[in-house]
Amino acid sequence: MTAVEERKTTERQLERVTIRFAGDSGDGMQLTGTQFTRTAAVFGNDISTYPDFPAEIRAPAGSLPGVSGFQLSFSSTEIHTPGDEPDVLVAMNPAALKANIADLPSGGALVVNEDAFTPANLGKVGYTANPLIDGSLSKYNLFSIPVSTLNVRALQGLELTNKQMDLTKNFFALGLMFWLYERSMDATLAWIDEKFSKRPVIAEGNKRALKAGYNFGETTEIFHERYIVPPAHLKPGRYRNITGNEAAALGFVAASQLAERPLFYGSYPITPASDILHQLAGYKNFGVKTFQAEDEIAAIGAAIGASYGGALGMTGTSGPGVALKSEALGLAVMVELPLVLIDVQRAGPSTGMPTKTEQADLLQVMFGRNSDSPIPIVAPATPGECFQYAIEAWRLALKYMTPVAFLSDAFLATGAEPWPIPDPDTLQSIAVPNRTEKAGFYPYLRDPETLARPWAVPGTPGLEHRIGGLEKADVLGNVSYDPDNHHTMQMLRQAKVAGIAADIPPLEVHGAPEGDLLILGWGSTYGAIRSAVERLRARGETVSHAHLRHLNPFPANTESVLRSFRRVLIPELNLGQLLMLVRSRYLIDAVGYNRVRGKPFRIVEIEAEANRLLAELKVAAT
Amino acid sequence: MTETTNASPLDLPVLTRKDFVSDQEVRWCPGCGDYSILAQTQKVMPDFGYPKENIVFISGIGCSGRLPYYMNTYGFHTIHGRAPAIATGLKAARPDLMVWVITGDGDALSIGGNHLVHSLRRNVDIRIIMFNNRIYGLTKGQASPTSEFGKVTKSSPYGTIDYPVSPLAIALAAEASFIARSVDTHTEHLQGTLEAAGKHHGSTFVEVLQNCNIFNDGAFRDFTDREVRDDRMLALTHGKPMIFGKDRDKGIRLNGHQPEIVTIGENGITEANLLVHDETDPLIAFMLAHIYWPEFPVPVGVIRRIHRPTHDRLISEQIEQAIASRGTGNLRRLLDGGETWTVE
Ligand SMILES: Cc1ncc(C[n+]2csc(CCOP(=O)(O)OP(=O)(O)O)c2C)c(N)n1
Ligand code: SF4
Ligand SMILES: [Mg+2]
């Protein structure tokens, strides 16, 4: 203990820190990252996280495919992304080092568990020499720590198997990070107690590991500095930490309350959408009915059945599941019932990279059905916005009697940010009545303003009628093969969705309303674009950012916004899907910036592309 | 009579068959077996005590799928094979409704096989009536999953090489709680079967042998024609020995576990030697699902009927329990849940 008093660690204040925890998928890196995130969030930092894990539940231990990572950025200022590159990389084994080291800038801190750098583990990932001693890591600030050994020592006397002891070493690493960034261990200690309340020995082991890591930082001489990232100046209010999937699930429950109708959720498990099913299944006391269907077709079928019965029928999946649901979505378009389709996009095609992010289903939900069958599309831009757009999706579905697509993605779904908890009293009702009036009832007699047809649910006396996938006679709703009627109905369905443009907020521009360059985005690329634009503007460039949350229809002012800039850049994690829609719709010569690496954009990538275009504009001007 | 109607039958206006006839012109081919099934369906509807607005017919695609248009109830003509899935969601959301599913042999057993199996195993409280004409009618005559091996159709000019399935065996494997078979032309028997189906609560599967006089005429004639049907069909009654024949002198006996046809009065056989039908016995049901003309008489009637909690009931119970133990959900508390902090 005396060492503590004698030692001199200096403290340095930082604005923002990005840490990446990387290890074997069995090493608990997601948990470690989540615990650090909670602690940073409760402390008052702005945070943004990026869990990046393999599809394999347990790939062979020590192998490259088995590496699981969790990056988080915490800051005293407002941030929009989990950071382009880590300041600190914690690598629990050679595979984690190998898979992540390229992302660590020179001078970055590298904390490794040297015990894992055995010849066998090195060999598994093709290291011929031990990088910890061969000098190849000299450009980094290397902290080589025998984490396993120190951890086992701390656990002496507990009745734990070697395997159980080994499983706690992530908490040692976490404890060390807590020390390094002057964070309290309290929240994690409490969490351990609760999580392992039935297995006190395991709880004790994890707590000791955590404290041992912390004390190691305190007592050894290898760290000369500790870092403080002061709380951010977030808007006053109550906050919680939230991922996109969590926020979406809460939003759908809220929508059900605001619509005064029970929620029915039909889904077939698929990464990264399953957590919405898991979460909604726990909300039974809100009257939520969840249904794990036999496949995605049954899931949407059941949701359509529930909506037909007057409930909020909803279905959720990822891209491959959307493909299976196409025909039933077309049915929902034809029978004009409210329905929400959640697509948590992942990298494709086919099974693709199930845990990795991409935003390449836009055209699938826009057009991926037989014939012209328009549906509105909403796309939240941040994890927290998933709440608000869950309600918005239902508002549109109910008001316009139409299926609506809600486009999220793996990055939004699993990434977390502090979320100002909304006051339910400020949320507006989205309730619509059932049709009960017999006089003047026709199944396809439309509201003159919204073009919505009446919702006459079974059980309503006197309104017995038949609907179905065959073309409907305008107003009457009987089966019709009349050529002109079909044309009329196609135009009406199109006009109904197009008309929503008058009922959604205009596209907002961040920065000057006109200028050289507009960067237009949608979905989870928001953070990277916004950060890039802020940097460019700080350098005096006339660059603005606009982000679409409604992708069908576009906000009414979209064209005028786009035409106010000399150049429009559309960065997307696909090969140019919004780009295609914008170019064909407005005949505007927008340019794309497209990367499909299964990862979110880095700020510098967008910045560089913007710089390139700005330089072109300057050359053109001279 | 049913636990889910809101009003007692006495309070309801008395409905007749006519109340269930819609204003739409029926458009099946003249002579099609579907007419009879429609007529019997309309006839039994008043018997269940549901007001007609609480009855819903959901169908898939095929000639059979047209039936809801002709019923003056709520109706939903959906997409090919998916009617059981849509009905599952409707019944889960609206336990108060009486839900019927109308399907064909292709609709139910080919494209919709998965949904059929899963709605049956979940004991969804829906009545699935499958019109089995052993052909694809609407698409003009291709082989179906129940077409006999070697059948020459438009899509199998050299004879189909696919072995047919037994719809009843599939329903049984899926643990349907009610399984029955009837014939379009045996109006009385069909009426009785639909009536029993309507009164059951749980997954109900009825195979109706239906003549498609355009693309598969006479598919069942060998055992359904008036002159031969008593000798070639076995009408089942729960608790009664399996007797058939014009003179009611034939019966089914188990020899080991093999069924065999015996004649009462020959070789000392009496009624007491015959197998007694038991709607709750899975082995008897298995046997009945597999015997067929010409080796055996074709079993008709209720093959299996058991009672267990229905899907919608189980859903509702879990919700009731969650509310009882945690209280009705409060949105404010839900949003404010998890780990929260306050920024001053
Ligand atoms: C997705 C899809 N595939 C194919 C069809 C074409 N189709 C309509 S009905 C049918 C077969 C119907 O056969 P069955 O279920 O036996 O009904 P039936 O007409 O004999 O009553 C087919 C293949 C369709 N409507 N939808
Ligand atoms: S094709 Fe066959 S099943 Fe279809 S309506 Fe005509 S006779 Fe009936
Ligand atoms: Mg058929």
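By convention in this document, chain letters (A, B, ...) are assigned in the order of the sequence lines, proteins followed by strands, and residues within each chain are numbered from 1. Note that this is a predicted model, so its numbers are computed, not measured.
- Scanning all heavy atoms of the two residues, the minimum distance from B:Asn54 to A:Gly459 falls at OD1-CA, 3.1 Å.
- When heavy atoms are compared at a cutoff of 4.5 Å, B:Arg326 approaches chain A by way of both its backbone and its side chain.
- Residue contact with chain B, scored on non-hydrogen atoms closer than 4.5 Å, involves the side chain of A:Tyr283 exclusively.
- In this structure, A:Val457 and B:Tyr74 approach most closely via the heavy-atom pair O-OH, 3.4 Å.
- The two atoms that bring A:Lys289 and B:Ala92 nearest to each other are NZ-O, 2.7 Å, heavy atoms only.
- Neither the backbone nor the side chain of A:Pro231 comes within contact range of chain B; no heavy atoms are under 4.5 Å apart.
- With rounding to the nearest 0.5 angstrom, the OH atom of B:Tyr69 is 10.0 Å from the CZ atom of A:Arg466.
- In summary, A:Arg240 and B:Asp336 do not engage in a salt bridge, as defined by a charged side-chain N under 4.0 Å from a carboxylate O.
- Here B:Leu331 contributes atom CG and A:Leu258 contributes atom CG; the two are 7.0 Å apart, rounded to the nearest 0.5 Å.
- Looking at B:Gln318, the atoms closer than 4.5 Å to chain A (heavy atoms on both sides) sit in the backbone and in the side chain alike.
- The contact between A:Pro458 and chain B is made by backbone and side chain atoms together, counting heavy-atom distances below 4.5 Å.
- A:Ala247 does not touch chain B: none of its heavy atoms, backbone or side chain, sits under 4.5 Å away.
- Heavy atoms of B:Ile315 lying under 4.5 Å from chain A belong exclusively to its side chain.
- Using a 4.5 Å cut-off between heavy atoms, A:Leu337 touches chain B through its side chain atoms alone.
- Counting heavy atoms from C-beta outward, A:Leu470 and B:Arg66 have side chains that approach closer than 4.5 Å.
- Residue contact with chain B, scored on non-hydrogen atoms closer than 4.5 Å, involves the backbone and the side chain of A:Ala254 alike.
- Counting heavy-atom pairs under 4.5 Å between each of B:Ile61, B:Thr342, B:Ile79, B:Ile58 and chain A puts B:Ile79 at the top.
- Other residues, nucleotides and ligands contribute over 12 non-hydrogen atoms within 6.0 Å of the CZ atom of A:Phe441.
- At a 4.5 Å heavy-atom cutoff, the contact between B:Arg94 and chain A is made by side-chain atoms alone.
- Contact annotation: the side chain of A:Ile297 approaches that of B:His115 to within less than 4.5 Å [non-hydrogen atoms, C-beta and beyond].
- Within a 6.0 Å radius of CZ in B:Arg332, other residues, nucleotides and ligands contribute more than 12 heavy atoms.
- Residues A:Leu463 and B:Glu53 are not in side-chain contact: their nearest non-hydrogen atoms beyond the backbone lie 4.5 Å or more apart.
- A:Glu327 approaches B:His80 most closely through the heavy-atom pair OE2-N, 4.3 Å.
- Using a 4.5 Å cut-off between heavy atoms, B:Gln24 touches chain A through its side chain atoms alone.
- Contact annotation for B:Thr328: both backbone and side-chain heavy atoms come within less than 4.5 Å of a heavy atom of chain A.
- For a residue to count as touching a neighbouring chain, one of its non-hydrogen atoms must lie under 4.5 Å from one of that chain's; by this rule A:Ile467 touches chain B with backbone and side chain alike.
- Considering OG of A:Ser307 and CD1 of B:Ile86, their distance stands at 11.0 Å, rounded to 0.5 Å.
- In terms of heavy-atom pairs under 4.5 angstrom with chain A, the leader among B:Ile323, B:Thr73, B:Thr88, B:Val117 is B:Thr73.
- A heavy-atom distance below 4.5 Å is found between the side chains of A:Trp419 and B:Leu335.
- Considering all non-hydrogen atoms of both residues, A:Glu294 and B:Arg122 come closest at OE1-NH1, 2.8 Å.
- Atoms CD and OG1, on B:Glu339 and A:Thr39 in that order, are 7.0 Å from each other to the nearest 0.5 Å.
- Atom CZ of A:Arg38 sits about 10.5 Å away from atom CH2 of B:Trp341, to the nearest 0.5 Å.
- Among the candidates B:Gly89, B:Ser325, B:Ser316, the residue making the largest number of heavy-atom pairs closer than 4.5 Å to chain A is B:Gly89.
- In this structure, the separation between CG on A:Asn241 and OG1 on B:Thr340 is 11.0 Å, given to the nearest 0.5 Å.
- In this structure, B:Val343 and A:His233 have side chains that are not in contact, with every pair of non-hydrogen atoms separated by 4.5 Å or more.
- Within the 6.0 Å centre-distance limit, the rings of B:His311 and A:Phe291 are counted as a close aromatic pair.
- Considering all non-hydrogen atoms of both residues, A:Val288 and B:Ile319 come closest at O-CD1, 3.8 Å.
- Heavy atoms closer than 4.5 Å to chain B are found in the side chain of A:Leu331, but not in its backbone.
- When heavy atoms are compared at a cutoff of 4.5 Å, A:Asn478 approaches chain B solely by way of its side chain, counted from C-beta outward.
- With a 4.5 angstrom heavy-atom cutoff, A:Ala232 does not touch chain B via any of its atoms.
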